[in-house]
Number of protein chains: 2
Amino acid sequence: MTQNSISDYIHELFTQFEPALKEKLIAHVTMKSFKAGELLMQTGQYFRSTVLIVKGRVKLYREGTDGDEFFMYYLEPGDACALSMICAAKQESSKIMGKAIDDSTILMVPIALMDELMKLYPSWYYFVMETYRSRFEELLLVIDSIAFNGLDERLGFYLKKQGEHLNAKQLNLTHQEIATDLNSSREVISRLLKKMEQRGEIRLYRNYIELLN
Amino acid sequence: MTQNSISDYIHELFTQFEPALKEKLIAHVTMKSFKAGELLMQTGQYFRSTVLIVKGRVKLYREGTDGDEFFMYYLEPGDACALSMICAAKQESSKIMGKAIDDSTILMVPIALMDELMKLYPSWYYFVMETYRSRFEELLLVIDSIAFNGLDERLGFYLKKQGEHLNAKQLNLTHQEIATDLNSSREVISRLLKKMEQRGEIRLYRNYIELLN
DNA sequence: AACGGCCGGTGACAAAAGTCACCTGATGTC
DNA sequence: GACATCAGGTGACTTTTGTCACCGGCCGTT
């Protein structure tokens, strides 16, 4: 993978933006990179920018008061972080954690620019609206899964989501990681995974899980 | 309570809107009333308008696949329904239920008007952004309560929220209603309420609960 | 090769939550 | 007043989930 410039990323990932908007962004955004495993955002942090993901995948977690973490969704190249928009707009902090799972790169759009972009560029306006919409829907799915389903169904939902976002049949996840993401415990997850294996839905190996179907 | 006109409601509840925006809205919104207990929106319904609440209180539920309902939050006069915005914008349906708990009135802003309002009136733009922001935060709190807390804490959280939104110390709720809202069962709720009473946090009566503290 | 750390498996038990059956007392209706 | 209905209480039991203790294998480091 070559080292892309801001301009490259914007032209590759945001083809729907009108040329003037792209130029505006190229002139004003700043780029920042993170190593796999690093935290992009932490509880209590204040945003002064809207964050666009241009490389790598980022896991977004909700943090509980006692340090628990609960996985909500992935951000991928071309996505904006809805929470950074919200927090940036109101200068508020939020109990959110973002963790890079690959080496990742983000672009930061200064909040001072947001109102102008919204007014001048319809494609930006639609992009922001679509970001809110899709994240809202995603949160509702998360609520569904914990409000209406047992841990076994949540686990299935979780594995399916992982498979989609990593687009792989082999998930490099330990039972402990899954347990943490679902705010459960390793033993319980191990047992449920074993049942799924017995039902022929997955196959278990050391350090990874193979999705069947 | 006198029968208010669209104009009355807009001038009373949306004082932050600039005069031209108020006039625009008055000219284009339609008003609709619901009796207590009626459903404002149902699973599968398509919105062709953004909904503003101007009278009464509305409970918003998420619906599960098997007809379960899970209470998320209240909408009050002056609020916009973020979900109606989202669904209207994309012409999608959503598994959402809204129930009027008082006699309620809403204003419906045609989606065709939305882009224009967003561009022309900064106060509308901020109102929409603030609506997304506050509902997003509210959903995150809901996720917190079900992801990190036991049913006992969720019940406390629920009662507190009810107290705030009904601004009363006496909650006219049956144990069955609470159980339904929390997607639990009456017996369990009864037992937990009894424990809260023993701890001196509430007092139980037939058909209502008194909040102490 | 020896060590320690990480990964996963397992049995026994405890706690939380849901379910079932049945009861009591209040309330409203005819 | 008789009756049905509704709100709520209670005990016994099951299921689900979490916890504890401990084991064994795999793997990297030295």
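Letters A, B, ... mirror the listed sequences (proteins, then strands); counts begin at 1. Values below: every heavy atom of this structure, side chains too, minus hydrogens, waters and symmetry copies.
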> Should B:Lys55 and B:Asp102 count as an ion pair when the cut-off is N to O under 4.0 Å?
Replying inline: no
> Please walk me through it: do B:Ser84 and B:Thr50 pass side-chain hydrogen bond (donor to acceptor under 3.5 Å, both in side chains)?
Replying inline: CA-CA 5 Å; B:Ser84 68; B:Thr50 292; 4.9 Å; no
>> How many whole angstroms separate atom CD1 of B:Ile189 from atom C1' of D:dA7?
In response: 15 Å
> Which residue, A:Arg206 or A:Ser184, contacts DNA chain D at a nucleotide closer to its 5' end, judged by nearest heavy atom?
Replying inline: A:Ser184
> For DNA chain C, which residues in residues 191-201 of chain A have a heavy atom at a distance below 4.0 Å?
Replying inline: A:Arg191, A:Lys194
>> Categorize B:Tyr205 for me: base, sugar-phosphate, or nothing, with a 4.0 angstrom heavy-atom threshold over every strand shown.
In response: sugar-phosphate
> Shortest non-hydrogen contact from A:Thr131 to A:Ala80?
Replying inline: CG2-O, 3.7 Å
> How long is the line joining CG of B:Leu204 and P of D:dT10, in whole Å?
Replying inline: 11 Å
> Looking at residues at least two apart in the chain, or sitting in another chain, which of them share a ring-ring contact (aromatic ring centres under 6.0 Å, His included) with A:Tyr208?
Replying inline: A:Tyr205
>> At 10 degrees resolution, what angle do the end axes of the helix from C:dA1-D:dT30 to C:dC30-D:dG1 form when each is taken over five base pairs?
In response: 30°
> Do you know which of B:Glu197, B:Gln198, B:Arg199 makes side chain to side chain contact (heavy atoms under 4.5 Å, CB included) with B:Glu201?
Replying inline: B:Arg199
>> Determine whether the aromatic ring centres of residues B:Phe70 and B:Tyr61 are separated by less than 6.0 angstrom.
In response: no
> Rounded to the nearest Å, what distance is computed from the CZ atom of residue B:Arg186 to the P atom of nucleotide D:dA7?
Replying inline: 10 Å
>> Quick check: closest heavy atoms across B:Thr15 and B:Lys22, and the distance to 0.1 Å?
In response: O-NZ, 3.9 Å
>> Which heavy atom of A:Thr105 sits nearest to which heavy atom of A:Ser33, and what is that distance?
In response: OG1-OG, 3.2 Å
> Got B:Phe47 and B:Ile111 here, is their nearest side-chain heavy-atom distance under 4.5 Å?
Replying inline: no
> Are A:Tyr74 and A:Glu164 close enough that a side-chain donor and a side-chain acceptor fall under 3.5 Å?
Replying inline: no
>> Any carboxylate oxygen within less than 4.0 angstrom of a Lys/Arg side-chain nitrogen, looking at A:Lys95 and B:Asp144?
In response: yes
> Separation of A:Asp68 atom CG from D:dG18 atom C1', in whole Å?
Replying inline: 13 Å
>> What's B:Ser190 touching, base or sugar-phosphate or nothing? Going by heavy atoms closer than 4.0 Å.
In response: sugar-phosphate
> Should the pair B:Asp152-B:Lys195 be classified as a salt bridge under the 4.0 Å nitrogen-to-oxygen rule?
Replying inline: no
> Does the distance from a Lys or Arg side-chain N to an Asp or Glu carboxylate O, for B:Arg135 and B:Asp79, drop under 4.0 Å?
Replying inline: yes
> Side chains of B:Arg62 and B:Phe71: does their closest heavy-atom pair fall under 4.5 Å?
Replying inline: no
>> Before you tell me yes or no, could you show the steps for B:Glu38 and B:Lys35 under salt bridge (Lys or Arg N to Asp or Glu O under 4.0 Å), namely the whole-Å CA-CA distance, both residues' side-chain angles and the distance that decides it to 0.1 Å?
In response: CA-CA 6 Å; B:Glu38 275 190 290; B:Lys35 293 246 172 288; over 6 Å; no
> Which of residues 172-182 of chain A sit near DNA chain C, with a heavy atom under 4.0 Å from it?
Replying inline: A:Thr174, A:His175
>> Going 5' to 3' along DNA chain C, between which two nucleotides do contacts with chain B fall, using a heavy-atom cut-off of 4.0 Å?
In response: C:dA17 to C:dT27
> Which atoms form the tightest heavy-atom contact between B:Ser184 and B:Leu151, and what is the distance?
Replying inline: OG-CD2, 3.4 Å
>> Expected output is a numbered-order residue list: members of residues 150-160 of chain B with a heavy atom under 4.0 Å from any atom of DNA chain C. What is it?
In response: B:Gly150, B:Leu151
